[in-house]
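These notes are about the structure you will find just below.
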Amino acid sequence: MTQRLATPSPVRRRRLKPAAGSTPSVDLRRVHSNPDFWYPVAWSREIGRGKTIGTRYAGQPIALVRPEDGSLFALEDRCAHRQVPLSRGKVQGEAVQCCYHGWAYGRSGRCIDVPYLGKGKLPNGVRTYPCREQAGLVFIFPGDPAKAGTTPLPDLSRSVDPAYKTRRFGRPVGCHYSFMHENLMDMNHQFMHMKQMGKMKPRFLGGETEPGLVEARYSFARVDGKQPWGETLIFGQRRDASEKYANRDVMTIRTEYPYQTLRIAPVSGGDPVMDLWIVYTPQDADQLTCRVFGLLSVKRPKVPGVLDLAWPLLIGFTERIFREDREIVELEQQAWRELGGDHNQEVFPVINALRAALAECGIAPETAADAKPAA
Amino acid sequence: MTQRLATPSPVRRRRLKPAAGSTPSVDLRRVHSNPDFWYPVAWSREIGRGKTIGTRYAGQPIALVRPEDGSLFALEDRCAHRQVPLSRGKVQGEAVQCCYHGWAYGRSGRCIDVPYLGKGKLPNGVRTYPCREQAGLVFIFPGDPAKAGTTPLPDLSRSVDPAYKTRRFGRPVGCHYSFMHENLMDMNHQFMHMKQMGKMKPRFLGGETEPGLVEARYSFARVDGKQPWGETLIFGQRRDASEKYANRDVMTIRTEYPYQTLRIAPVSGGDPVMDLWIVYTPQDADQLTCRVFGLLSVKRPKVPGVLDLAWPLLIGFTERIFREDREIVELEQQAWRELGGDHNQEVFPVINALRAALAECGIAPETAADAKPAA
Amino acid sequence: MTQRLATPSPVRRRRLKPAAGSTPSVDLRRVHSNPDFWYPVAWSREIGRGKTIGTRYAGQPIALVRPEDGSLFALEDRCAHRQVPLSRGKVQGEAVQCCYHGWAYGRSGRCIDVPYLGKGKLPNGVRTYPCREQAGLVFIFPGDPAKAGTTPLPDLSRSVDPAYKTRRFGRPVGCHYSFMHENLMDMNHQFMHMKQMGKMKPRFLGGETEPGLVEARYSFARVDGKQPWGETLIFGQRRDASEKYANRDVMTIRTEYPYQTLRIAPVSGGDPVMDLWIVYTPQDADQLTCRVFGLLSVKRPKVPGVLDLAWPLLIGFTERIFREDREIVELEQQAWRELGGDHNQEVFPVINALRAALAECGIAPETAADAKPAA
């Protein structure tokens, strides 16, 4: 059941009621991400053949193992013996051998060898995680393994479409993943990027919400300042600075739990000029840090090679934007820590809808379980 | 009612009883500073016109805003929207605009604009602090604003007197403010500065205590070593090293809650040769760190320019002294943390009187409220 | 009563039962070291005449004081006055004077002078520790002082035997001392040092356990790789790589609470070619860090000077081994912190015997006192 989100003016007349689930009664920053989804935990290029690396999901250490032959697999990154990381070990055939006393584990997580012990009474093994590779990302399924088979991986086809050039980026950010969703969804924060982008005026065109999904659409008008190179690259041409051209492109931002996308496409229809897919994998057990995995796809212009030439400029531009965003969400997280909880005072209905969706899709803290709104 | 503090010898005969309030039953390092006073939180020169900076009092973040025209004002340094620091924002006319989504706040703390929202339903604003500038310091009143008008600012007239040259100094120190008061008041710690000052023998001449005030007077005799340059500069002439000249100057140290002063003046009367005003503004919520604001005024000698020429030497000298003091009070604080409380075993009545005064003037921890001695 | 530990194969047939004390029901990493033993806290060369240094045992700060004349003594490293470290002070004759206000303490810990107070009413002093020097190590007795006289110091005679050359080494390691004991005792961890040592196959020859003592004996066969120089130096000659020579030397590792030794000696009998004495003094109050003090004695070969010439090679070799060991035990400790307790799944009977011995000799946490197996 889709619910329309109107522009701010009408909304002030017909506000979303708390009863409608707009304000979660639980502290959103204590809501854990739902593990019954596929989460990226590494880039494929990080793990060569015959190697193993250590990564994390929400405080759980995970060893990714790539045998010389055969596909990647994922184990709990703690030897059953003395709990040291298996990712420090050696890949031998289809197994990984702990670096300390040489205990070996196969793809199934079973301990298959203790060098100084007979084969008769091998100890217990370690937990495994369903693991898949797609579009240069390594996904694991941290929840109920029985659900992995029926839970689809996200559609990342645009990142491998030759009509687009894709940048893979990401780094750790010191905040709860919900701050990242809110940051991207609320385009009024364009204000913060004024130095990078010039003075832009976002116009909220409307949005939708349904279980597990929130969408917001915007147009932009340049109010002041020159169009930055980064933007020129994405749009393929310089735009007139006056408001009358404002509605030629529409930016659509969508949280489709647990992923997020941002697409810029002509109002007239047709393929997007830019398509961003992004996710924020929780790192520590409290989920107050996350690692970003982003795929930014830009449509290649008609003149070949222009985009490749200008790519370093685009990288620099997006890095500066990302740095500003990271700084502000980490300041939000710091305020949360100091205040001991969420004091957000939201006035934008689309963000309240997003907050409700994140609270409903996630795992509320045990102590607040009865306070969790029904999904 | 003033109570005389005798020199150590007679005191051993007529010791101050705990009943007399000399030993507070509450852990002094848990006593919070009384917010119903004016505390400096910045130097005036730190905030240019049209700028805002962030500062702190006892864990409360404070944005100081100086419009292009008009006087400074102080707001809670957290946007009402998402709690990020307003001091990261922009000063626009008489308002400050949050860097994230552009919410604007005026001198009254009211939110006066949300760029993407109609003017009808503006959200709540932020807390304000009474704010005054004096002698190059920015003071705020963190307590009950109704008391700000009737609570006097400290007298800092000497720091702007042309007969004196004044050094403004200060930095963060990792300890409860009470350690700083005790450090300065107990001149027997001269022992620690032997390398800087030579061997000096302090003589306690007596002291007074009354509610909110403790005063101690000392004379000094050089026992050994050369007079350091820093001291020469302050006293304007080299002193004879023998004891007979010891009583020509008197050092008076006074805690007049929450400030502290140290004056050196001739026994014969007349203006002090040195006058230090100093205060220790608590930084974190537990008040186990403070920021020092000090004004050290030295009387200009008859020959003009000598003091200015020698000023760098005096700066170096006082910095070395201050560094030794900072190191030792931070070691005291560290011992307090390790021991989980105050184990001070004080034998000097003036320090016991000071401790009682700090406990009485401050805010005792809630759990120890009934253990707090009546003021 | 000595109990024989068989080789792994028979053990799988006759496993040590938990009832036999092999698996302590208390979390071993919460067991504190027994203070009623002599623990090294410094190297003699660290404290010159007329100097004092600060050191630690299990969170207790200790000042070691060496007067110009007379033997070392050990005091609680906190002045009775304001709890700052006495080790920052000055040694004056047979006393140490606090750096802050000059309070002086003698060998007995009594306060013998407060410079600004009459001699009549001196305040309380500080705790003392029995203190001894032997073989370049400073030992203190942190437990009941009445037991110090009857508790023997360890036998370190080999470290001063001219037939041996001894290396003194050590540094802080971020783990509970029990991890260190287990690391050395379980020679199957040879696997981890493969890069340094080549491929060696340890063979467990058997072991003994009795109250406060666990011993394990091994032989080694080189399976692959060249003999490293470090090993050549210790054994005085290159060994044949084939298994048939494996049993010419026996390695004996012994935990004799709280110390540990590792000796390599010919099967045929005679003096060891290598003799390591090592102990892990707890540093912080939770005893989750320790400082290693090790004496590695290598028998001098018949050709004089060879060992001295090659000494730097041996230092480099042992440092690399030690670095690998330190890294892995710190990873074990980190896993313990993340998991909130010990999840060790031990299959090697000698290590289970060692764990039981360490739990029985140590001080179990109060809350688990009734869960502690009877000694």
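Only heavy atoms go into these numbers, but all of them, side chains included; no hydrogens, no water, no symmetry mates. Labels below follow one simple rule: chain letters A, B, ... track the order of the sequence lines, proteins then strands, and each chain is numbered from 1.
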As an exercise: rank C:H193, C:E332, C:H343 by heavy-atom pairs under 4.5 Å with chain A and give me the winner.
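Result: the option with the highest number of such pairs is C:E332.
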Top of C:N183, C:D342, C:V329 for chain A proximity - count of heavy-atom pairs under 4.5 angstrom
C:N183
Mind ranking A:A285, A:G59, A:C99 by heavy-atom pairs under 4.5 Å with chain C and telling me who comes out on top?
A:C99
For [X], which atoms come within 4.5 Å of any heavy atom of chain A: side chain, backbone, both, or neither?
X	result
C:M194	side chain
C:D325	neither
C:E327	side chain

Which of A:Y57, A:F141, A:F139, A:F293 passes ring-ring contact (aromatic ring centres under 6.0 Å, His included) with A:W38? It is A:F141
Against chain C, label A:P85 side chain, backbone, both or neither, depending on which of its atoms sit under 4.5 Å from a heavy atom there.
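When you check distances to chain C, only side chain atoms of A:P85 fall under 4.5 Å.
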Which bit of A:C79 comes within less than 4.5 Å of chain C, counting heavy atoms only: side chain, backbone, both or neither?
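Nothing of A:C79, per the 4.5 Å heavy-atom cut-off to chain C.
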Whether the A:Y280 and A:Q260 side chains hold a donor-acceptor pair (N or O, under 3.5 Å, no angle test) is what I'd like checked.
yes
For A:R78, all residues meeting side-chain hydrogen bond (donor to acceptor under 3.5 Å, both in side chains), sequence neighbours excluded
C:E338
Positive for side chain to side chain contact (heavy atoms under 4.5 Å, CB included) with C:L184, one of C:L262, C:T255, C:T261
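Answer to the side chain to side chain contact (heavy atoms under 4.5 Å, CB included) test with C:L184 among C:L262, C:T255, C:T261: C:L262.
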Let me see the working for C:E215 and C:R254 under salt bridge (Lys or Arg N to Asp or Glu O under 4.0 Å), right down to the final yes or no.
CA-CA 4 Å; C:E215 182 185 294; C:R254 187 182 266 234; 2.6 Å; yes
Residue pair C:F348, C:F204: steps toward the ring pair (Phe, Tyr, Trp, His ring centres under 6.0 Å) verdict
CA-CA 10 Å; C:F348 190 22; C:F204 180 61; 5.0 Å; yes
